[in-house]
Amino acid sequence: MNKREYDIAVIGAGPAGLTAALYAGRSMKRTLLLEAGIPGGELLNTENIEDYPGFASITGPDLASKMTEHSLSFGAELVSARVTAIDLEADGTKRIELEEGEPYFAKAVILTAGGQPRKLHVPGEQEYAGRGVSYCAVCDGAFFRGEHLAVVGGGDAAIEEAAFLTRYASKVTVIHRRQEFRAQPLLVERARQNPKMEFLLDMVVEEVKGDGERVESLRLRHLTSDRTSEFPVGGVFVFIGFLPNTGLLRMHADHDEQGYYLTDANMQTSVPGIFAAGDVRAQLTRQVTTAVGDATTAAMAATKLVESVPEPVA
Ligand code: NAP
């Protein structure tokens, strides 16, 4: 094996990627972990985590650094590089193209590049992210006990997460840009029956405002009258879709309508030797726990596959 050839290459060092690298390294496979930014993925955007077993409360960045240290302790090599494409050589070897520098080669690839919640792109959203602006009700809802919260969006995620937030909030106002909902009618009907939920329709958020520390209000535009108004809230949860980072494969891999990869029970995509785990994979829920569990399966399956292909790559 030359220095750019690996058994297993893991693309993206969020919780799924770090776990995949841990298990692949621990299985004594020559493992490459490629990450364009700082390892940790969405953990780095999460203030506090209270639903990862073993840690009653830990900050996202702390968990990210513990996972990174643990992951690399089994021999995986972390390389800071942006992957631009993954292609297949004639013998099935995966060729990993980078933004800068020569490509890497691997017998198996585990895609753990995650994705991002779609953003509103309004003033104040970025400034107050993690300080009243959130994209994860399960992660952050408990920090808003007794508060009046806003949820932006009209799809299944917005309605379901708004209902979840009523466990903690005194009131949850769903702000949606039209009268009709993309969400299933049953979910909307249930929400309408929920005494803690209310709806503001034909409205968009134009600005998230605060005191420099925490969110205090939203500036809303009423699309029917074109008036604006100030809406006091303790926090705002944005659920207007999610954008998986699934644009790297040069070949077709089966995916669902939103672009998430479909896998078999071993986390293998429809392309032999290419596995997916975490937020790039079609699944019921996007949690740190599910990401690490699925990544474990992907790494073990990739290891078996590599061991069944003993000949050298490229
Ligand atoms: P989604 O179905 O794409 O809905 C996104 C919502 O956000 C839409 O109502 C959209 O408004 C609104 N929106 C988009 N951009 C906006 C913007 N810039 N400003 C304000 N509003 C904006 O996304 P999702 O709710 O995340 O669901 C994604 C997929 O996961 C769906 O297929 C959904 O069924 C599935 N899912 C299912 C469940 C479940 O079955 N229990 C739960 C969660 C998610 P418009 O309607 O006007 O476009």
Side-chain angles (χ1 to χ4, degrees), residues 42 45-46 51 114-129 132-141 149-167 172-194 197-209 215 217-229 231 233 235-247 254-263 276 278-291 294:
E42 281 298 300
N45 299 323
T46 309
D51 54 4
Q116 299 96 37
R118 189 176 279 147
K119 306 285 189 325
L120 287 168
H121 298 294
V122 297
E125 181 183 27
Q126 202 179 339
E127 181 186 351
Y128 289 105
V133 176
S134 172
Y135 305 88
C136 179
V138 176
C139 322
D140 296 334
L149 296 176
V151 164
V152 186
D156 284 334
I159 304 303
E160 284 210 333
E161 303 302 313
F164 176 84
L165 287 168
T166 61
R167 295 167 192 220
V172 178
T173 302
V174 176
I175 299 167
H176 180 38
R177 63 185 178 184
R178 31 185 205 124
Q179 290 279 333
E180 298 76 30
F181 290 89
R182 221 170 264 273
Q184 303 159 46
L186 182 73
L187 294 180
V188 179
E189 190 46 40
R190 265 194 218 142
R192 288 196 191 281
Q193 305 294 330
N194 187 329
M197 287 176 73
E198 65 173 27
F199 293 89
L200 289 178
L201 303 179
D202 293 322
M203 291 208 198
V204 290
V205 175
E206 280 198 339
E207 185 178 0
V208 178
K209 299 171 90 170
V215 167
S217 66
L218 304 174
R219 189 175 82 237
L220 302 180
R221 181 164 295 277
H222 306 230
L223 296 176
T224 45
S225 64
D226 213 31
R227 283 188 305 113
T228 59
S229 64
F231 189 66
V233 287
V236 54
F237 284 73
V238 180
F239 298 110
I240 59 171
F242 189 83
L243 302 169
N245 294 327
T246 51
D254 290 350
H255 54 79
D256 70 7
E257 282 171 6
Q258 285 81 41
Y260 295 96
Y261 291 126
L262 297 167
T263 67
D279 289 355
V280 291
R281 179 177 168 261
Q283 57 187 316
L284 177 68
T285 184
R286 290 188 289 266
Q287 301 299 312
V288 185
T289 47
T290 52
D294 291 346

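One-based numbering, in listed order, for ligands and for the atoms of each.
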Residue selection (non-hydrogen contact nearest atom 37 (C) of ligand 1) among Ile240, Val122, Asp156: Asp156

Nitrogen or oxygen of Gly154 less than 3.5 angstrom from that of ligand 1: yes

Ligand 1-proximal atoms of His176, by part, heavy-atom distance under 4.0 Å: side chain

Under-4.0 Å heavy-atom contact with ligand 1, by part of Glu180 that carries it: neither

Residue, atom name and distance, where the atom is the protein heavy atom closest to atom 41 (N) of ligand 1: Glu160 OE2, 2.9 Å

Student check: side-chain heavy atoms of Thr228 and Glu206 closer than 4.5 Å: yes

NZ or CZ of Arg192 within 45° of Phe199 ring axis and under 6.0 Å: yes

Arg118-ligand 1 polar pair, N/O distance under 3.5 Å: no

Backbone N/O of Pro185 and side chain of Glu189: donor-acceptor pair under 3.5 Å: no

Donor-acceptor under 3.5 Å (Arg118 side chain, Phe242 main chain): no

Of the listed options Arg178, His121, Gln179, Arg177, closest to atom 17 (C) of ligand 1 (non-hydrogen atoms): Arg177

For atom 48 (O) of ligand 1, closest protein heavy-atom neighbour: Arg182 NH2, 2.6 Å

Atoms in ligand 1 flagged as close to Gln184, the criterion being non-hydrogen separation under 4.0 Å: 39 (C), 40 (O)

Heavy-atom nearest neighbour of atom 23 (O) of ligand 1 within options Gly241, Gly153, Ala157: Gly241

Check ion pair Arg177-Asp202 (N to O, under 4.0 angstrom): no

Protein contact for atom 30 (O) of ligand 1 (heavy atom, distance under 4.0 Å): no

Flag if over 12 foreign heavy atoms under 6.0 Å of CD, Gln258: yes

Cation-aromatic face contact Arg219/Phe231, 6.0 Å, 45 degrees: no

Ligand 1 versus Gln258: contacting region, heavy-atom distance under 4.0 Å: side chain

Separation between CD1 of Ile240 and OH of Tyr135, rounded to the nearest 0.5 Å: 8.0 Å

